[in-house]
Amino acid sequence: MMVLACRVLIVDDELLVRQGIKHLLNWEQEGFQIIGEASNGKEALELIEREEPHIVITDIVMPVMGGEALTRAIKSRFPQIEVIILSSFGEFDYVRSTFQSGVADYILKPKLEAFQLLDIVKRTARKIPSLKLEEGEVEGGQTIPWILDKLMSGYEIELDENRIHHSFPYDTFQLIGADLKQAGSKGSERGEELQWMERILTELDEYLPNAVHAKLPAEPDMLVLLVNMNHSEKEGLTNVGRRLAEYSSAHYPSRVWTISEPFLRLKELGANYKEQFIRINHYQFFLPLSQHLIIYDELPSIPNENQPFNMNQFTELMNRRQFDTAFAELLEHVNGLAANYKTDVFEFKSFVGNVIFNITILLSRLDSDMKKLEEAKYSYFKQIGEAVHASSAIALLHSFIAEANAVIEKRSVTGSNSNMTQLLLFIREHYADPLSLTELAKHFHFNPSYLSSYFTSHNKEGFSEYLNKIRVEKAAELLEDVTASISEISGLVGYSDHSYFTKVFKKVTGLSPSHYRKQYAAKKRD
């Protein structure tokens, strides 16, 4: 066995390849330790400076910095590190060039097998003077870091119960941790992680001096500890969390600590981490910014569940130019979503972004001057996607609505014609009637030929085009409900000729009514 574990870094731009290498062998049992992964040479060099590996296993073709350039950099700056190249058959010319830089060996990806990989890394490790490698296994078989890594990765493994009980002698497990990469934090730097580890261990020594704990191989920038203790000592871990939250409140306002639900068997670690710890950790996006500790059994009550947002009603209000009412209802719905901390963060951000997109479309249909707002929306999309708290996303929505209102007011001041507004509103209210330009002119006391030119000069579409667009919009809404036949829908939106309706619908949407209905049904199932 190794007197000193050989530290190995894996570098490949494909996650599946990295995971495959990582789990191909029982590395620790063979005397090796995987100290990290990188997706390109640049990331690898940063990790090498920090982790000081003995061996780097690297792909040859990667973005940003490939294996050839990485090898040269390693041999120039860290000549004591040995490099093993991963390559495909067609990359052998690259591999040959890396041997001139001092590569120890290479492995062909299509032929990658456990016994071959183990043989190569052992041969390479024997070249390193600071390591003493002997054949054999680590005493006791499975090591605790190996077990924890497998469980966190979702593997089902047979556990040596005697070994587990020896290492974790108490009846209760719980997780405590935080995301170190929030709100501009430099959590990815090893220094900050070590500082937090020191603080956590200090608090554990005070409140749970007999507990057993282990740092978990969690997601990047997540610091998570597994704590094993007696069930009666649970309050001690809560006290640790409160002390960490108190310190964060004073020095790191964005740091939020999470304590998961207890579990009784180590085998439940992976499920508890994904389904408990990560899930409730995400609640911080909606919980008050002043809350620095989330505990599974101390969550606030949830208000009544929000009804789905009525986008059709919102669209109708916007088309009627009842902007204040439309925006008020929108903000009320968004605030309701944010009040429920179990709302999915991705869905929340997507909804806010989609609403901004729809508002720009709706206002452009009303012939507003939208150039500035059209350009601004992309910046809003980006900022909403990067928001670390719901309040930031809502503030961005308020800001966008303020810009939209400025566009609306400007349009109103520069002569938005009240006659045109009334004409468009009348069409939207009477689209199902046998409406013609003559009937419209009679209703508003216009000369029909004058009304035709007036309509075209004050609106993006002519009368017939606008009427068809409104009828098709309404037909599309009805097609999403399977209760009415296409022939019935044709009559409901004002077409007496079914074939003409089909022709107009396809011209506007690019799909026939039946195809549109099938496509909507398929999307709904997905």
Side-chain angles (χ1 to χ4, degrees), residues 310-327 329 358-370 404 407-481 483-513 516:
N310 191 333
M311 186 59 77
N312 290 336
Q313 180 176 306
F314 178 78
T315 301
E316 193 63 34
L317 288 169
M318 293 288 289
N319 285 326
R320 290 173 177 270
R321 301 178 187 268
Q322 296 175 4
F323 302 113
D324 289 344
T325 303
F327 292 149
E329 289 185 2
N358 285 332
I359 289 172
T360 58
I361 296 296
L362 290 167
L363 289 180
S364 67
R365 288 178 180 174
L366 298 177
D367 197 28
S368 296
D369 180 8
M370 293 294 298
V407 169
I408 293 165
E409 289 173 13
K410 181 181 178 182
R411 178 67 182 166
S412 177
V413 169
T414 55
S416 177
N417 193 289
S418 61
N419 285 336
M420 196 67 219
T421 302
Q422 291 180 48
L423 285 168
L424 295 177
L425 184 58
F426 184 85
I427 293 170
R428 296 195 73 86
E429 290 178 343
H430 296 84
Y431 66 90
D433 298 340
L435 200 58
S436 66
L437 190 64
T438 302
E439 289 296 321
L440 190 66
K442 186 184 296 184
H443 181 84
F444 284 96
H445 308 294
F446 273 93
N447 178 284
S449 59
Y450 172 74
L451 178 59
S452 177
S453 59
Y454 176 85
F455 201 100
T456 303
S457 64
H458 286 78
N459 196 59
K460 288 183 178 180
E461 302 98 351
F463 167 75
S464 295
E465 187 181 358
Y466 183 77
L467 176 60
N468 281 332
K469 184 185 76 172
I470 299 304
R471 285 175 168 174
V472 167
E473 284 179 3
K474 298 299 180 182
E477 292 174 16
L478 293 170
L479 285 166
E480 292 172 6
D481 184 350
T483 54
S485 69
I486 294 174
S487 179
E488 288 173 328
I489 290 171
S490 171
L492 288 171
V493 297
Y495 293 101
S496 56
D497 185 337
H498 173 70
S499 60
Y500 179 65
F501 162 67
T502 301
K503 182 179 178 181
V504 171
F505 191 93
K506 188 169 185 179
K507 181 181 178 181
V508 174
T509 67
L511 300 171
S512 68
Y516 180 91

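Note: F463 and F455 have perpendicular aromatic rings, judged against thresholds of 30 and 60 degrees for the angle between ring planes.
The neighbour count for D324 CG, taken as heavy atoms of other residues, nucleotides or ligands under 6.0 Å away, does not exceed 12.
For the atom pair CD1 (I361) and OG1 (T315), the distance works out to 11.0 Å, reported to the nearest 0.5 Å. To the nearest 0.5 Å, atoms CD1 (I359) and CZ (F314) are separated by 4.0 Å. Annotation: the span from I489 atom CD1 to L479 atom CG amounts to 4.0 Å, rounded to 0.5 Å. In this structure, CG in L423 is found 14.0 Å from CZ in R428, a value given to the nearest 0.5 Å.
Counting heavy atoms from C-beta on, the side chains of F426 and L435 come closer than 4.5 Å. Contact annotation: the side chain of Q313 approaches that of E329 to within less than 4.5 Å [non-hydrogen atoms, C-beta and beyond]. L363 has its side chain within reach of M318: a pair of non-hydrogen atoms, C-beta onward, lies under 4.5 Å apart.
Residues satisfying the salt bridge (Lys or Arg N to Asp or Glu O under 4.0 Å) test with E439, not counting sequence neighbours, are none.
Pairing each heavy atom of A476 with each of F505, the nearest pair is N-CE1, 4.0 Å. Listed here is the closest heavy atom pair of D433 and R471: O-NH2, 2.8 Å. Across all their heavy atoms, L492 and Y431 have their closest contact at O-CE1, 4.3 Å.
Applying the side-chain hydrogen bond (donor to acceptor under 3.5 Å, both in side chains) test to residues at least two apart or on different chains, none of the pairs has a partner in residues 501-510.
A distance-only check finds no donor-acceptor pair linking the side chain of S490 to the backbone of I486 [under 3.5 Å].
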Verdict with supporting geometry, F444 and L451, side chain to side chain contact (heavy atoms under 4.5 Å, CB included): CA-CA 9 Å; F444 284 96; L451 178 59; over 6 Å; no
